[in-house]
*Asks:* 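First the structure, which I've put down as C-alpha cells, then a few questions once you've had a look.
Proteins get letters first, then strands, A, B, ... in listed order; numbering begins at 1 in each.
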There are 4 protein chains.
Amino acid sequence: VRKLKVGILGATGAVGQHLVLALEDHPWFEVSEVAASDKSAGFKYGARVNWRQAAPIPDACRNLIIKECVPELACDFVIASLSADVAKEVEYAFAQAGYPVISNSSYYRMHEAVPLVIPEINPDHIDAIPLQKSKEHFDKGYLVTNPNCTTIGLCFGLAPLDAQFGLEKVLVTTMQAISGAGYTGLHAVDIVDNIIPWISGEEAKVESEPKKILGRFDGRKISYGDFAISAQCNRVPVEDGHTICVSVALKQKPRLADLKECFRAFKGLPQEARFPTAPHNPIVVLEEDNRPQPKLDRNLGAGMTTAIGRVRACPILDYKFVILSHNLVRGAAGAALLNAELLYHKGYLRG
Amino acid sequence: VRKLKVGILGATGAVGQHLVLALEDHPWFEVSEVAASDKSAGFKYGARVNWRQAAPIPDACRNLIIKECVPELACDFVIASLSADVAKEVEYAFAQAGYPVISNSSYYRMHEAVPLVIPEINPDHIDAIPLQKSKEHFDKGYLVTNPNCTTIGLCFGLAPLDAQFGLEKVLVTTMQAISGAGYTGLHAVDIVDNIIPWISGEEAKVESEPKKILGRFDGRKISYGDFAISAQCNRVPVEDGHTICVSVALKQKPRLADLKECFRAFKGLPQEARFPTAPHNPIVVLEEDNRPQPKLDRNLGAGMTTAIGRVRACPILDYKFVILSHNLVRGAAGAALLNAELLYHKGYLRG
Amino acid sequence: VRKLKVGILGATGAVGQHLVLALEDHPWFEVSEVAASDKSAGFKYGARVNWRQAAPIPDACRNLIIKECVPELACDFVIASLSADVAKEVEYAFAQAGYPVISNSSYYRMHEAVPLVIPEINPDHIDAIPLQKSKEHFDKGYLVTNPNCTTIGLCFGLAPLDAQFGLEKVLVTTMQAISGAGYTGLHAVDIVDNIIPWISGEEAKVESEPKKILGRFDGRKISYGDFAISAQCNRVPVEDGHTICVSVALKQKPRLADLKECFRAFKGLPQEARFPTAPHNPIVVLEEDNRPQPKLDRNLGAGMTTAIGRVRACPILDYKFVILSHNLVRGAAGAALLNAELLYHKGYLRG
Amino acid sequence: VRKLKVGILGATGAVGQHLVLALEDHPWFEVSEVAASDKSAGFKYGARVNWRQAAPIPDACRNLIIKECVPELACDFVIASLSADVAKEVEYAFAQAGYPVISNSSYYRMHEAVPLVIPEINPDHIDAIPLQKSKEHFDKGYLVTNPNCTTIGLCFGLAPLDAQFGLEKVLVTTMQAISGAGYTGLHAVDIVDNIIPWISGEEAKVESEPKKILGRFDGRKISYGDFAISAQCNRVPVEDGHTICVSVALKQKPRLADLKECFRAFKGLPQEARFPTAPHNPIVVLEEDNRPQPKLDRNLGAGMTTAIGRVRACPILDYKFVILSHNLVRGAAGAALLNAELLYHKGYLRG
C-alpha cells in the first residue's frame, strides 16, 4: 500500500521540525512537501532550517526544496503549524483548493464548523466535516484542528472525570515551558531567573477550548460542555513540558481511589485501534509526592503520555492534582499527527 | 539612647546573613552576638560564614566569635532562624532563660499561646505575650513568631480583602524560589530545567497559618479566621521571590476598582509609626499585563513591599490575582526584624 | 558649585538605565537630557523605558521627555551607549557640534585619534584630545571612548603585570553573561541549558583593544603594546558578570607571591584623587579555590571592582588566573562615567 | 552464541543508569547483576533507583535484586563506576577474585600497570593486561580504565593532531555540565546564574591523563606523550555536555584545511570493526560560526560523537578550536562500554 503524501506548512518551526522527525518512519504517511515563509522558499530544507532536534534531519527531507505556503503542493493532505494571522488565509485557501488541512494553528479552533479534536476524547467530532464542507462549499478539502498545547494536557485531566463523574468547575494555574513561545518568542533576559505571569491570549484559550472538546456533536452542531474554567497562565524557565495545577468540582463525589482508577483506566480509539503515534497509556498516574516533574516525566510514552500526580482532596473544590504534558509533542506535533491518523482510520484521508 | 543588643541564632544561614546586613545601620538595635551550630562555634563569623550577599560582611560582625545556641548570650533579645527540630528546644530554652525570642522558625507558629504576627496585619496579637508568660511560667522571656515565607506574601493579598469585604475561600498555587529551600536544600540537577510540584510541609503551613494571622485576639485567646484555603506549592528555577497565583471568594462583592483601591490603600502600624524596616507601601498594585515578575519586582521597597498584579475577575470564585514577595526579606529576615521593631515600639523589648 | 549637565544617548537601554541610576546622586554631574531612538522620542522617560533595575527610576529622570539623538540637547556633555552603526554618525555629529562625547559604543574605539581609556590604567591618553580636535577641526567637542565590557575586566588583569613584569603573551577564554547581549540580543531557547561558543565581533575586540589601552601616548600618537592576545569568547547562561580565564607569559619571571602582590597593590588616579565612582580597590585578589564566582563577586565595590582568583603557575605560559568583572557596571556604565570624572578632574569638561 | 553476563558496580548512579540503558539490547552483553552501596542492597533495582532517564527502566533490570559490591556476583565481567575512594578496594578485590574490571572510576587510571584506554586512540594499550596480571598475581581478573569525562572529549581533539603533526602544547579551558558533578554533587544555589571556576581534582586529571593515553606501549611499559597541557576547569549551568576551548602548538605546521581534514578522516578500530556502541564518526567538524553548542550537538552519534568547531588560527600557539563531548555518554558510560567491546573483540573477555 502506498503511503499518503503529507505537506507540512510551517516546516522550519519547532513544531514543523518535530513533525518531520515523527513522520520519518511512519507506516501510513510520508513527507512529500515542506513549506514555509516566502523568505525560506526555494532553499533546500536541510540548508535553511535552524535544526534544533537531538536526532539528525531525516534524509528524506534534507534535500526537499522549501515551497511557499500556497495550495499548489504535491500531497494528499497538509499538516499546518502557522501563526494565527497567517493561518487564517493560508489554511482556508488550502481547504478551498481541495486539501484536507490538519491544523495545529489557533485561528479556526473555535470556529463553529471546525472540529477541535483530541482523538482519545472526542473522535466523533470529525463527523462534522461533511457539514463544514457543505457550509463552506468545500469540495474535497476541509479543516480539522487540535487544541492549544496547554488545553491538551488539561483535557486529559478533565475528560475522564467528566465522563464518569460530571465536571462542574475547573481552576487551573499553569507553568509553561519556554519552547511553547516559539524560537523567537522570548528574550533570554526576560525568562532566565524569572517567571512571566502572563501569556498573550493563553488564558482565553484554556478557558474556552476544553468546553468545545468536552462538548457533544449531535450530528448537526457541536454544543459546549457546561462547566466553568478559570485559568492563570505563567511562563517559567523550563525547556519543555507544561505543568498544570488543577482543582476540580464534580457533580458526583467519587472516592480518591476511584478518581485515580478513572484516570488509569482511560483509553480511547487511538489505543484500541493502535494508531502508530498513540501512546500505550494516554495517562499515567504517579504516586510519588514530588511528581510529575517536567525533566523526568515529559518524555513518557515518547512525549505522548500525560502524567498526572499529587491527586488529593481539595479543601475548597473536590479534588486537586498536577498534570504534566509535553507541549511540543502531545501538545502540538503529536496532536496534529494523531488527528491525521484518526482521519485516515475513519476514511477521511485518501491517496 | 543606647541601642538594644541583638543575638542572632542561626547567623550563618541565608536568613541570618540577611539579618546581619539589615541590622548594620539599624537605629534601635545592634548585633552583639552571632550563634550557630556547634561545628561553627568558636570561629570568627567572617572566617566561618559562607557569605553569599552582594554587600560585604559588616565590619561590626566580621570579627564576632560565633557562639553555640545556648542561652548564655550577651544580648537583650534574640532573633532566631533555625530548623524546626532545633528551634523546638533552643527557642524554648532561651525564652525560659529570660530572652525575648523573635523567631522565623516554624516550630511554635501554630502553638496556641504564641503570637504569629505580621505587624501591618495583626499587631495586636502580641498582647497575648503576658498570657504566654503566665501559662509557660516564663519570667522576662517569651516567644513571638513570623509566618512562613509564602504565607506572608499571601496574607498581604488576603488581609485587606478580609477586612473590607470578608474572605470566604482562597485557592492558591505557588511558584517558589530556590533560595527558600536553604543553601543545601536542593540538588542542582533537581531544579535546573525543572519544576518540583511539592515542598515538604509547605501546603499545610500555607493552608493553616493565614487563618491564625487573620484571626482575632480577644484578650484571652486567638481564634481563627473562618475561611478555607487550598494550596498547591511548587519549586521553580528562580533565585529569589515567591510568585503566588490566587483566586478568592468574598462575602461582599466589590467592583474590580474597589478591590484594587483596597490593596493600594492598605497601610498598618509600621507605616504610621515609621518603623525603620517598614516599606513606605506594604503593597504596590501593578497594572501591566505581565507583572509582577520576580526578577523585576522582588526588590520593591528594598524587598519589603508585596507586589500584586493581574487583578481581574475569576470565572469561578470572585477575583484572581498574582502576588510576588521576596521570600528572604519580607518572607523571613525582614519579617522577624519588623516584629522586633513592633515589640520595641510597644514596649515589649527593653535594654 | 553647579553640577555639570549630562545628556545620555541611548538612555532607554540597559547601559543607559545603569547610567541614570549611577548619576542619581552624583556630586559633579546631573542628568538634564535623555535621548533615544526616534520611536521613543517625545515620550516621558518613566512612561517609555522598559525599566529593569532593582532600584526605582530616579524622580529627576522619570518625567524627562525623551529627545532624539541630534546635537540640540541642553547639556554640557553627553555619555553615549549606542550600537556601533548608529554611533558612527551620531557621536561624530555631537562632537562636531561642540559636545564632549564620552562613548561606550564600539565604533570609534580603535580610531587613531580617539583615546580609549580606563582611568586607572591609561589616563594620560586623554591628552590626545587636542590633537583630535585639531585633526578633525572640532571646536569644543571631542570623542573619548571606553573599551568593550570584556576588555575592561581583562585589562585589570594585564595592566599591573605589564607595568611591573612586561607582558608577552595572553591567552584568554571568556564566559560572558547574557546581559552583555542587550535586551533583545538573545533568544531564550538559545541560551537556557546551553553555551554559544561565539559572539559576533567580540574576539577581534578582545584581541586588539588591550594593545591600544596598554600602549603609550608620546604626545603625538598612541602606539600599541607589543604583546600578543588570543581570545575564545563564549556566551553562558549567567545573568551578569563576565568570567575570564587567562594565561600569561611575562618578560620577567616573578614569583607567585609577587604576582598577587602586584595585583593587590594596583591603584590609579581615580583612587588617589577619589573620583566619586572609583572603587576603593580596583582589584581584589581572592584566595579561595572556587572564586571568583559571578553570583558572589560581581557586585564587589558596587560592581566597579575586578575580582581575580585562582592565581597559579601555568605549565605552558607563566601564570594563569581567573578574572571576574561586572559587564554592565565596570564594563559599561561605570566605565563611561569614570571617564567623565577623569575628564572633569583634568579640566576637559566645563559648565 | 550466548551473551556475556555483565555486573554493573554503581548501578544506581547516573553513569550506572546510562549503562543499564545502553546494555538493554546489546548484541554481545546482557546485565545479570546490579550492585550498589550497602544501603541499596537487597532492594529491587526498579524500586530503589532514583531513575532520571527519558527512556523507562529496561524490564530485564527492573526486578534484579541490588547486590553489595563484593566479588560474589554471577557475571563474566564487571563495569564499575564508583567514587575513587570506594573503587580503590572494591575494584582491586574484583580483579583479584578473577573478574575483568572495566572501570570508569578514577582511582587506577594513572596506575603504571593499568591501561587507560579510548578504543579509537590507544587500543593497543590493553596488551599491557598480561603484564598487569603477572605483576599483581591476578589469575583471570584484571583492571582496565577509561579516562575522565573531560579528558575523553579533549583527546579526540588531540589524538588526530598528535598522530599526524606532533603535539607540543595544549592550553585548555573547560565549561563542564552539572551532570558531571553527580546527583548530589552541586547545590542548586551554587550553580543557578553562576559559574564555579574550579572542580576538585579535575585540572590535575586533564593535565595528566592525555599524556598516558597518547603515550606508547612498547610491550613492556606505557611511556607518556611528551607534550605539555595547561587546564582551567569551570562548572557552568548546562545540564549535559562538556564544552572545551583548546589552543594547540604542533611540531609540524599544517594548513587550516589539513587540520580539519585530519579531524574528519579520523577513525579507529571501533569503526573498522563496527563495535556495537561505536559511532559512525568519532569526530564531526562543524563549520558554522556558533557551533558546537551543548544543547544542539551533545547527542550527535547518540552521544558518542565528539563535535569540533571554530577551527581557526591562534595568534599565540598554532590553532584553536572548540570541542563538545557528552560527559555521561562518550565521557563515561559509553566509554566503559566501548572498552568492554574492545576487550571482547580482542579476546580478553570470555564466557
Side-chain angles (χ1 to χ4, degrees), chain A residues 168-175 177-178 189-200 203 207 227-247 249 286 288-296 298 309-310 312-317 320-324, chain B residues 168-175 177-178 189-200 203 207 227-247 249 286 288-296 298 309-310 312-317 320-324:
Chain A
E168 275 192 337
K169 295 174 186 171
V170 183
L171 250 144
V172 175
T173 300
T174 72
M175 295 173 282
I178 60 175
V189 295
D190 275 337
I191 198 62
V192 168
D193 182 24
N194 206 13
I195 291 168
I196 305 175
W198 176 77
I199 298 168
S200 180
E203 294 178 354
E207 293 183 353
F227 51 90
I229 309 179
S230 175
Q232 303 211 46
C233 292
N234 302 279
R235 186 76 65 197
V236 297
V238 164
E239 185 74 24
D240 291 313
H242 289 356
T243 306
I244 312 173
C245 292
V246 188
S247 282
L286 302 170
E288 297 89 337
D289 266 347
N290 62 356
R291 300 288 275 270
Q293 294 177 22
K295 188 150 70 170
L296 300 184
R298 60 193 165 203
R310 301 211 70 218
R312 60 211 195 281
C314 173
I316 291 183
L317 305 184
K320 52 187 176 183
F321 48 87
V322 179
I323 296 170
L324 178 79
Chain B
E168 273 192 338
K169 293 174 187 170
V170 183
L171 250 143
V172 175
T173 300
T174 71
M175 295 172 281
I178 61 175
V189 295
D190 275 337
I191 198 62
V192 168
D193 180 25
N194 206 14
I195 291 169
I196 305 175
W198 176 76
I199 299 169
S200 179
E203 295 178 354
E207 293 184 351
F227 51 89
I229 309 179
S230 175
Q232 303 211 46
C233 293
N234 301 281
R235 186 76 66 197
V236 296
V238 164
E239 184 74 23
D240 292 314
H242 288 355
T243 305
I244 312 172
C245 292
V246 188
S247 283
L286 301 171
E288 297 90 338
D289 266 347
N290 62 357
R291 299 288 274 269
Q293 294 177 20
K295 188 149 71 170
L296 299 184
R298 62 193 164 204
R310 304 213 66 220
R312 61 210 194 281
C314 173
I316 291 183
L317 304 185
K320 52 187 176 182
F321 48 88
V322 178
I323 297 171
L324 178 78

*Asks:* Check B:Pro315 against A:Ala228 and note the closest heavy-atom contact, atom names and distance.
*Replies:* O-CB, 4.4 Å
*Asks:* Quick one: are B:Leu171 and A:Thr173 in side-chain contact, heavy atoms under 4.5 Å?
*Replies:* no
*Asks:* At a heavy-atom distance under 4.5 Å, which candidate from A:Val322, A:Ile195, A:Val238 has the highest pair count against chain B?
*Replies:* A:Ile195
*Asks:* Among B:Asn194, B:Ile229, B:Val189, B:Thr243, which residue forms the greatest number of heavy-atom pairs with chain A at distances under 4.5 Å?
*Replies:* B:Asn194
*Asks:* B:Ser230 and A:Cys314: which non-hydrogen atoms are nearest, and at how many Å?
*Replies:* OG-SG, 3.1 Å
*Asks:* Highest number of heavy-atom pairs under 4.5 Å with chain B: which of A:Pro294, A:Ala177, A:Gly309?
*Replies:* A:Pro294
*Asks:* Select one option (side chain, backbone, both, neither) describing which atoms of B:Arg298 are under 4.5 Å from chain A's heavy atoms.
*Replies:* side chain
*Asks:* Hey, which of B:Ile199, B:Val192, B:Leu324, B:Asp190 has the most heavy atom pairs under 4.5 Å with chain A?
*Replies:* B:Val192
*Asks:* Looking at B:Met175, B:Arg291, B:Arg235, which has the largest count of heavy-atom pairs under 4.5 Å with chain A?
*Replies:* B:Met175
*Asks:* Is it true that a side-chain atom of A:Arg310 and a backbone atom of B:Trp198 form a donor plus acceptor pair closer than 3.5 Å?
*Replies:* no
*Asks:* With a 4.5 angstrom heavy-atom cut-off, is it the side chain or the backbone of B:Phe227 that approaches chain A, or both, or neither?
*Replies:* neither
*Asks:* Just wondering, do A:Gln232 and B:Ser247 contact through their side chains at under 4.5 Å, heavy atoms?
*Replies:* yes
*Asks:* Let me know if B:Val172 has heavy atoms under 4.5 Å from chain A in its side chain, its backbone, both or neither.
*Replies:* neither
*Asks:* Select, from B:Asn234, B:Leu317, B:Asp240, B:Val236, the one with the greatest count of heavy-atom pairs under 4.5 Å involving chain A.
*Replies:* B:Asn234
*Asks:* Say whether, by atom type as modelled, one donor and one acceptor occur between the side chain of B:Asn290 and the main chain of A:Ile196 under 3.5 angstrom.
*Replies:* no
*Asks:* Checking heavy atoms, do the side chain of B:Glu203, its backbone, both or neither come under 4.5 Å from chain A?
*Replies:* side chain
*Asks:* Is any NZ, NE, NH1 or NH2 atom of the basic residue among B:Glu207 and A:Arg312 found under 4.0 Å from an Asp or Glu carboxylate oxygen of the other?
*Replies:* no
*Asks:* Looking at B:Lys320 and A:Ala231, would you say the former's side chain and the latter's main chain have a donor-acceptor pair under 3.5 Å?
*Replies:* yes
*Asks:* Measuring from atom CD1 of B:Ile191 to atom CD of A:Gln293, what distance do you get when rounded to the nearest 0.5 angstrom?
*Replies:* 7.5 Å
